Enquirer: 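Would you mind keeping the following structure in view while I ask a few things?
Note that the structure is a prediction, hence the values are computed from the model and not measured.
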Amino acid sequence: MGSITKDSEVEVSYSKNGFKGIWYRAILKETPTKSEHKLLRVRYKTLLKKDGSGPLSEIVDQRLIRPVPPEDLNVSGAGFEEGSLVNANYKNSWWRGVVVKRKEDDTYLVYFNSPPDIIQFERKQLRAHLDWTSSKWVRPKNTELVKSVFSSGTMVELRAYLSWRPAMIIKEVEYEKGKRFLVKYCDESFSCTGKLKMAVVDPRIVRPKQPLFGVGEYELLDRVEAFNGSVWEQGVVRGIVFEGRYMVSFWETKADVSQFNHSDLRPIMEWEDGIWYNRPKPKSGKETCKRKRGEVEEHNSDLNDTVLSSDQTPISVKSHAANVEGTQAKDTAMVLPFAKKSPIWKTYETMEVFKRVPQSPHFSPLLKTKGDFREGSAIGMMATFTGLLEKLRDLETDVSVSQLDSLRDSFTELEKHGFDVTRPLSRIKKLLALKDRQLNILEEQKGLDKERMDDEYSKMRKAGQEVSEKEVKMLEVKHKILELQKQEAALRERKETAKEEKDAANKNICEIESCLKDLDVELEEVEFDFESVLFDCDRLRVPLAFVRRRKRSNGRKARAKEQKSG
């Protein structure tokens with residue numbers, strides 16, 4: 001394993017559930033070996049146990065462990081180029097990715113392949129990607145990016161009827177019916193940080209981000225696009241609250257009128273054949289009723305508002321306020337703690353939302369407020385009511401309990417001023433009940449997941465222990481085999497020595513027996529010669545005994561000869 005030893009800091013690869021190229025910091029708790037298939041125990045530095053009682057320990061394959069990359073091989077403070085392979089510090093680990101864009105604020109958009117995503121990082125959260133190969137660090141070449149209008153990391157807009165939603169291109173994907181784009185929805189500033197939704201969309205509903213350019217004051221009945229919630233929605237300027245703030249209605253009606261700052265509006269443009277075109281203003285008889293801001297100020301220097309009458313004709317605030325005082329102030333003087341002097345009341349009262357849910361707020365708590373502030377506070381509550389209804393309407397499934405509680409408290413506060421909030425509160429109550437049920441299900445699911453993970457971890461730990469035990473037993477068996485082989489070699493050597501000794505002894509025995517036989521023959525000859533001498537001395541006296549001895553001697557010689565030949 002090169003430069004890593006027991007108790008040294010290492011990085012452990014993680015490749016599960018579709019995630020690849022992720023490295024976690026850990027402490028190695030066992031000594032590496034030359035075997036590539038050795039299992040080693042590590043203790044993670046950023047991963048905790050399920051119960052959070054301490055760092056998570058795990059048995060992993062030795063091939064998934066590498067040293068910590070050296071800092072001196074990293075890129076200098078100059079930063080990264082587009083196409084650079086990097087590791088991003090994300091979710092307490094290092095993820096492999098490619099820099100697809102360097103932004104002006106010295107942040108980087110990094111593309112990850114598994115799973116596909118693009119996330120924004122600061123320079124300090126990135127390091128150069130290095131591969132650990134043959135016990136040394138190797139820096140791979142940069143990726144050559146293909147630049148186009150819809151390349152990865154490009155800001156775009158997605159069409160939804162008459163509105164456009166900001167998004168970012170993640171990658172181009174191939175389907176049976178042709179190519180599609182995997183996109184990530186963004187917020188109003190085209191920032192795509194954090195956990196945002198993704199979708200696969202048809203290229204026909206995708207266009208580049210509309211370019212920004214200076215626009216002067218908007219006029220009444222100008223067709224514009226307003227950033228409403230999370231989309232750019234087509235609407236019409238219905239009134240000028242004050243310089244830089246406008247009242248806009250959608251779908252070419254006075255319904256759902258909302259207030260917008262100048263920065264939240266833009267002219268309507270069309271993208272066609274790779275070129276942006278300004279949409280020409282519609283010409284109609286109503287257009288002759290428009291007034292420029294300068295003309296209005298010339299007739300009334302303290303004019304701060306412009307609204308439309310019931311027949312869509314622009315009128316001044318002063319004349320409209322006089323009409324309101326004449327027709328409404330008398331009816332509300334006995335109920336409301338103020339007189340309705342602002343022309344904005346007419347706009348709110350004709351809004352579709354107040355037609356669907358009629359309201360008659362009494363604003364009695366405003367009696368405790370100074371008189372000059374009462375009408376403005378009441379108008380603010382009207383705007384707050386419509387805004388809360390829109391917010392309630394646009395809620396998504398991932399809304400938090402705290403957001404629902406905040407909405408409920410806001411509607412409850414408006415109820416004190418006479419607003420009818422029965423239906424909104426009922427809906428919020430149902431949503432809170434469903435959210436509570438959802439949280440219970442998630443908790444139960446989390447418990448089951450924990451139980452399953454604990455069971456799997458127990459099985460893995462047990463299997464790891466069993467593997468270690470088997471390896472120990474195998475080593476013991478190998479040791480015994482070596483001992484037995486040594487004993488066998490010693491016994492074989494002793495056997496050969498004993499055989500040689502046996503052969504030598506047998507040879508000695510044969511030689512001794514041969515010597516004995518020779519001596520026996522020689523003894524017979526001596527006896528024969530002795531008897532011959534005696535026979536010569538007394539030839540006549542012992543003839544019979546001599547004959548017998550002669551026969552015995554000849555018999556012994558014959559037997560000795562047979563034994564030698566045998």
Side-chain angles (χ1 to χ4, degrees), residues 9-15 18-26 44-48 55 66-132 137-147 150-157 165-171 182-198 208-209 212 227 230 263 398 400:
E9 186 174 356
V10 295
E11 290 188 346
V12 182
S13 176
Y14 178 89
S15 299
F19 296 91
K20 294 181 180 179
I22 303 175
W23 293 91
Y24 282 94
R25 288 288 177 92
Y44 292 102
K45 297 185 67 176
T46 56
L47 291 180
L48 300 177
R66 72 178 189 182
V68 175
E71 294 183 1
D72 56 349
L73 292 181
N74 223 311
V75 174
S76 64
F80 297 97
E81 300 176 356
E82 294 183 1
S84 299
L85 291 175
V86 296
N87 293 141
N89 192 349
Y90 182 59
K91 294 184 177 180
N92 297 322
S93 58
W94 290 97
W95 292 53
R96 176 178 176 174
V98 180
V99 175
V100 294
K101 187 175 183 180
R102 180 174 181 176
K103 304 182 73 174
E104 295 179 357
D105 58 353
D106 202 27
T107 58
Y108 299 83
L109 295 180
V110 180
Y111 169 79
F112 301 103
N113 189 44
S114 56
D117 197 0
I118 291 180
I119 303 176
Q120 183 173 311
F121 293 95
E122 297 180 7
R123 171 64 184 84
K124 62 183 179 181
Q125 296 175 288
L126 302 177
R127 71 182 186 189
H129 174 75
L130 300 172
D131 290 326
W132 179 247
W137 292 105
V138 178
R139 181 180 297 166
K141 295 181 179 180
N142 292 349
T143 301
E144 192 169 334
L145 301 178
V146 179
K147 289 293 185 178
F150 300 111
S151 57
S152 295
T154 303
M155 300 301 179
V156 295
E157 296 177 350
R165 182 167 186 175
M168 175 192 288
I169 298 290
I170 301 299
K171 64 180 296 188
L182 175 64
V183 300
K184 184 177 186 178
Y185 294 119
C186 302
D187 59 21
E188 57 183 310
S189 61
F190 281 86
S191 175
C192 296
T193 58
K195 186 178 180 181
L196 297 169
K197 291 184 177 180
M198 294 188 185
K209 176 184 176 182
L212 299 177
F227 199 85
S230 60
S263 58
D398 57 351
S400 64

Enquirer: Would you say that more than 12 heavy atoms from the other residues, nucleotides or ligands in this model lie under 6.0 Å from the CD of Glu81, or not?
Expert: no
Enquirer: Mind checking what makes side chain to side chain donor-acceptor pair (under 3.5 Å) contact with Asp131, not counting sequence neighbours?
Expert: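 Partners of Asp131 by the side chain to side chain donor-acceptor pair (under 3.5 Å) criterion, ordered by chain and then number, come out as His129.
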Enquirer: Residues two or more places apart in sequence or in another chain: which of them pass side chain to side chain donor-acceptor pair (under 3.5 Å) with Tyr90?
Expert: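 Checked Tyr90 against side chain to side chain donor-acceptor pair (under 3.5 Å); zero matches.
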Enquirer: So, for Leu145 and Val99, which heavy atoms are closest and what is the spacing to 0.1 Å?
Expert: CD1-O, 3.5 Å
Enquirer: For Gln125 versus Trp94, what's the shortest heavy-atom pair and its separation?
Expert: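 What the structure gives for the nearest pair is O-CZ3, 3.8 Å.
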Enquirer: Output the distance between atom CZ (Arg102) and atom OG1 (Thr107), rounded to the nearest 0.5 Å.
Expert: 9.5 Å
Enquirer: With Lys91, which residues qualify under salt bridge (Lys or Arg N to Asp or Glu O under 4.0 Å), at least two apart?
Expert: none
Enquirer: Can you give me the closest heavy-atom contact between Arg127 and Phe80, atom names plus distance?
Expert: C-CZ, 3.8 Å
Enquirer: List the residues meeting salt bridge (Lys or Arg N to Asp or Glu O under 4.0 Å) with Glu82, not counting sequence neighbours, and say none if there are none.
Expert: Lys147
Enquirer: Could you check whether any side-chain heavy atom of Ser230 comes within less than 4.5 Å of a side-chain heavy atom of Arg165, counting everything from C-beta outward?
Expert: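 They are in contact (side-chain heavy atoms under 4.5 Å apart), so the answer is yes.
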Enquirer: Quick one: pull up CZ in Arg25 and OG1 in Thr46 and give me the separation to the nearest 0.5 Å.
Expert: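 Spacing of CZ (Arg25) from OG1 (Thr46) equals 9.5 Å.
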Enquirer: What are the two closest heavy atoms between Ile170 and Tyr111, and how far apart are they?
Expert: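 Closest approach of Ile170 to Tyr111: O-CE1, 3.6 Å.
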Enquirer: Flag the pair Ile119 / Lys184 as yes when at least one side-chain heavy-atom distance between them is below 4.5 Å, and no otherwise.
Expert: yes
Enquirer: From Trp95 CH2 over to Asn89 CG, what is the distance, rounded to the nearest 0.5 angstrom?
Expert: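 Output value for this atom pair is 11.5 Å.
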Enquirer: Is there a side-chain contact between Ser13 and Arg66 in this structure, where contact means two heavy atoms from C-beta onward sitting under 4.5 Å apart?
Expert: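 Side chain of Ser13 against side chain of Arg66, heavy atoms only: no contact under 4.5 Å found.
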Enquirer: Would you mind reporting whether Leu85 and Val98 have side-chain heavy atoms less than 4.5 Å apart?
Expert: yes
Enquirer: If you define the side chain from C-beta out and look only at heavy atoms, does anything of Phe112 sit under 4.5 Å from Ile118?
Expert: no
Enquirer: Distance from Met198 atom CE to Met168 atom CE, nearest 0.5 Å?
Expert: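 Nearest 0.5 Å value for the CE-CE distance: 9.5 Å.
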Enquirer: Could you tell me whether the side chain of Ser93 and the main chain of Ile22 form a donor-acceptor pair under 3.5 Å?
Expert: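 No, Ser93 side chain to Ile22 backbone: no donor-acceptor pair under 3.5 Å.
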Enquirer: Check side chain to side chain donor-acceptor pair (under 3.5 Å) between Tyr24 and all other residues, then give those that pass, not counting sequence neighbours.
Expert: none
Enquirer: Taking all non-hydrogen atoms of both residues, which atom of Lys171 and which atom of Pro116 are closest, and how far apart?
Expert: CD-CB, 3.9 Å
Enquirer: Taking only residues two or more places apart in sequence, or in another chain, which ones meet Arg96 in a side chain to side chain donor-acceptor pair (under 3.5 Å)?
Expert: none
Enquirer: Can you check whether Trp132 reaches Trp137 side chain to side chain, under 4.5 Å on heavy atoms?
Expert: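 Yes; the side chains approach each other to less than 4.5 Å.
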Enquirer: What are the two closest heavy atoms between Ala167 and Val183, and how far apart are they?
Expert: CB-CB, 4.3 Å
